[in-house]
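Single-structure report; data block below.
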Protein chains: 2
Amino acid sequence: MIAERVNVPRIAILCNALADEARVEIVARLLDGEKCVCDLMDDLDAGQSRLSYHLKVLKEAGLVADRREGRWSYYTLERAAFVEAGELITSLRPRASRTLKTNCC
Amino acid sequence: MIAERVNVPRIAILCNALADEARVEIVARLLDGEKCVCDLMDDLDAGQSRLSYHLKVLKEAGLVADRREGRWSYYTLERAAFVEAGELITSLRPRASRTLKTNCC
DNA sequence: TTGACCCATCAAAAAAACTCGATACAATCC
DNA sequence: GGATTGTATCGAGTTTTTTTGATGGGTCAA
């Protein structure tokens, strides 16, 4: 049984956070570095409450962190969570098909 | 601009398919090898139409393939799609923080 | 203090996802 | 043939997610 070695709830949470195009867009924009909500409103053109909502989903999944400075909230990507997500996806990857010739001997 | 290098729609489709615990459970079970719907009904205990529905979502995302044999439909994981998913997640991973000391010199 | 600004949160509406039972269909068995 | 089995699909109902506009809190500048 390999199934037990899979962290099902965590995979679902992380993937759920990345299941919406708007949120993936946000992540893509944050690859350029820290941004405040108003920057993101310009980049994507989305309403403020909509962005706040999606940022909250990303934050609750642990994929982004926020920092307040005066009136602004700055968001950044949480690198560790993306590393984790990659590892969890890898845990779902079946080993190479046995129908392929082995390349030994 | 790094954002343009990210395949936003594909990430959303793949993650959406893995955003539901039932579907991740199915994938986890398929790690043990090909199974028919009735096998999965036993493993998870879920109704038949529910499983068909989730299998369809997984199939449309390209994560599983099916094969008909007589009355049975056998499902398997599509390794390539999981490799792709891992790469796409990696494309969202920010480079290591600049605040860490570089380990050169 | 007043007013402008950035943002989080709320309530309501709209849209999408999910579940369940029923039906349909093809393959097998008698 | 008729009955049974394994599965896909449909429709209705429910639940969850997403969007939108409104409200309010905190910050800053005049």
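Throughout, a chain's letter reflects where its sequence line sits, starting with A, and its residues are numbered from 1. Any value given below was found using the heavy atoms of this structure, including those in side chains, with hydrogens, waters and symmetry copies removed.
One interatomic measurement links the two molecules: CD1 of B/I13 to C1' of C/dA16, which rounds to 15 Å at whole-angstrom precision. Straight-line distance from the CD atom of A/E69 to the P atom of D/dG26: 19 Å, rounded to whole Å. Atom pair B/L18:CG and C/dC18:P shows a separation of 12 Å (rounding to whole Å applied). Spacing between atom CG of A/D45 and atom C1' of D/dT20 amounts to 15 Å, rounded to whole angstrom units. For the pair B/D20 CG and D/dT17 C1', the interatomic distance rounds to 13 Å; values are reported in whole Å. For A/R67 and C/dC6, the CZ to C1' distance is 14 Å, given to the nearest whole Å.
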Nucleotide-resolved protein contact map, nucleotides 3-16 of chain D, B/S/- at heavy-atom distance under 4.0 Å: -BBSBBB-------

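Taking hydrophobic clusters as Ile, Leu, Val, Met, Phe, Trp and Tyr residues chained together by side-chain heavy-atom distances below 4.5 Å, A/L44 shares a cluster with B/L92.
Between the side chain of B/R79 and the backbone N or O of A/P94, at least one donor-acceptor pair lies under 3.5 Å. A/D39 places a side-chain N or O within donor-acceptor distance of the main-chain N or O of A/C36, the cut-off being under 3.5 Å. Panel note: side chain B/R93, backbone A/F82; no donor-acceptor pair is recorded below 3.5 Å. A distance-only check finds a donor-acceptor pair linking the side chain of A/S91 to the backbone of A/L88 [under 3.5 Å].
The two residues A/A46 and A/M41 come nearest to each other via the heavy atoms O-CG, 3.6 Å.
Between A/H54 and A/G70, the one whose closest nucleotide on DNA chain D sits nearer the 5' end is A/H54.
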